[in-house]
Amino acid sequence: MSVITYTITLQNCAFFARHGVHDEEEFLGQRFFVDAELDVEAGDALERDSINDTVNYGIAFSVIEEIVTGRRRYLIEALALDVAKELCRRFPSIRRAKITVRKPNAPVPGVLDYVQVSVEHFA
């Protein structure tokens, strides 16, 4: 029996949050950008052509938003892991969640576009 998987990608989701180690990051907050790459085991979802048999990306977006705008994390890698784990918990058909978090205003002593961290969680 063959297993069919497909990938759902939510790219560049933007949220205002207060993550970081420094007090001013919590006080001022900033925008964070999140990419979610979700490998999903198809089951009957593709043949049935039903939103109820797949990962509803509208709900997935809301899950990401809930985690990112929720409690403060010091590390964006911890934030990415929490997002990945919650998506896998809410959608049992997800086999792998790769979450990338970008922080454009990271407190570094120089000029950069952003700091980026990716975490992969296998369910």
Side-chain angles (χ1 to χ4, degrees):
M1 180 177 168
S2 65
V3 175
I4 297 171
T5 62
Y6 55 97
T7 303
I8 295 173
T9 303
L10 289 86
Q11 192 76 39
N12 221 30
C13 306
F15 308 102
F16 184 84
R18 302 177 184 277
H19 305 291
V21 175
H22 303 287
D23 290 339
E24 62 269 15
E25 292 178 292
E26 181 179 23
F27 178 72
L28 297 173
Q30 64 179 288
R31 285 198 314 165
F32 290 81
F33 297 90
V34 178
D35 302 336
E37 185 177 292
L38 310 172
D39 291 344
V40 181
E41 187 171 320
D44 294 333
L46 303 182
E47 280 103 20
R48 290 185 191 195
D49 193 26
S50 169
I51 189 71
N52 297 324
D53 296 323
T54 187
V55 174
N56 180 319
Y57 48 79
I59 295 173
F61 181 91
S62 295
V63 170
I64 296 166
E65 180 178 36
E66 176 185 314
I67 301 297
V68 174
T69 62
R71 72 172 176 83
R72 177 184 181 191
R73 274 77 168 186
Y74 293 116
L75 304 176
I76 60 173
E77 43 270 64
L79 177 62
L81 178 61
D82 287 348
V83 169
K85 288 168 66 175
E86 184 62 17
L87 285 167
C88 289
R89 186 186 76 74
R90 296 231 192 146
F91 298 100
S93 60
I94 294 176
R95 296 294 164 244
R96 180 188 71 100
K98 179 180 179 184
I99 306 300
T100 301
V101 176
R102 283 182 300 289
K103 184 176 183 175
N105 297 314
V108 298
V111 178
L112 55 76
D113 285 339
Y114 51 82
V115 171
Q116 174 175 300
V117 173
S118 296
V119 171
E120 286 186 80
H121 177 68
F122 295 87

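To the nearest 0.5 Å, the span separating CG on L81 from CZ on R73 amounts to 9.5 Å. One finds the CG atom of D44 at 12.5 Å from the CG atom of D49 (value rounded to the nearest 0.5 Å). Rounding to the nearest 0.5 Å places NE2 of H121 at 10.5 Å from CD of E86. Here the straight-line distance linking atom CG of L10 with atom CD1 of I8 works out to 8.0 Å at 0.5 Å rounding. Here the straight-line distance linking atom CZ of F122 with atom CD1 of I94 works out to 13.0 Å at 0.5 Å rounding. To the nearest 0.5 Å, atom CD1 of residue I76 and atom OG1 of residue T100 are 10.0 Å apart.
Looking at heavy atoms from C-beta onward, N105 lies out of side-chain contact with Y114 at the 4.5 angstrom threshold. For the pair P104 and F33, the minimum side-chain heavy-atom distance is below 4.5 Å. Side chains of L38 and T9 form no contact here, defined as non-hydrogen atoms less than 4.5 Å apart. A 4.5 Å side-chain heavy-atom check between L79 and V68 finds at least one atom pair inside the cut-off.
Side-chain heavy atoms closer than 4.5 Å link hydrophobic residues (I, L, V, M, F, W, Y) into clusters, and following such links, possibly through other members, connects L112 to V117. Both Y57 and I99 belong to a single network of hydrophobic side chains, linked directly or stepwise wherever heavy atoms of I, L, V, M, F, W or Y lie under 4.5 Å apart. With hydrophobic clusters built from ILVMFWY side chains whose heavy atoms lie under 4.5 angstrom apart, I4 shares a cluster with F91. Cluster membership for I59 and V55, using ILVMFWY side-chain heavy atoms within less than 4.5 angstrom, is shared.
A salt bridge does not link E120 to K98: none of the charged nitrogens lies less than 4.0 Å from a carboxylate oxygen. A salt bridge is defined here as a Lys NZ or Arg NE, NH1 or NH2 lying under 4.0 Å from an Asp or Glu carboxylate O, and R95 with E41 meets this definition. Residues D82 and R89 are not paired through a salt bridge, judged by the lack of any N-O separation under 4.0 Å between the basic side chain and the carboxylate. In summary, R102 and D35 engage in a salt bridge, as defined by a charged side-chain N under 4.0 Å from a carboxylate O.
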Could you walk me through whether V83 and V101 satisfy the side-chain contact (heavy atoms from CB on, under 4.5 Å) test, starting with their C-alpha distance in whole Å, then the side-chain angles of each, then the deciding distance to 0.1 Å, before giving a yes or no? CA-CA 10 Å; V83 169; V101 176; 5.9 Å; no
Derivation of the salt bridge (Lys or Arg N to Asp or Glu O under 4.0 Å) call for E66 and R71: CA-CA 9 Å; E66 176 185 314; R71 72 172 176 83; over 6 Å; no
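Side chain to side chain, T5 and D39 fail the donor-acceptor criterion of an N or O pair below 3.5 Å. Counted by atom type alone, Y6 and T54 present one or more donor-acceptor pairs between their side chains at under 3.5 Å.
Closest approach of H22 to P107, counting heavy atoms only: CD2-CG, 3.4 Å. Closest non-hydrogen pair, D23 versus R72, comes out as N-NH2, 4.4 Å.
Stacking of R31 on the aromatic ring of F16 is not recorded, the 6.0 Å distance cut-off and the 45° axial limit not both being met.
Counting heavy-atom neighbours within 6.0 Å of F61 CZ, excluding the residue itself, gives a total above 12. The number of heavy-atom neighbours closer than 6.0 Å to CG of N12, taken from other residues, nucleotides and ligands shown, is above 12.
Between F32 and H19, the two ring planes are perpendicular [angle over 60°; tilted spans 30° to 60°].
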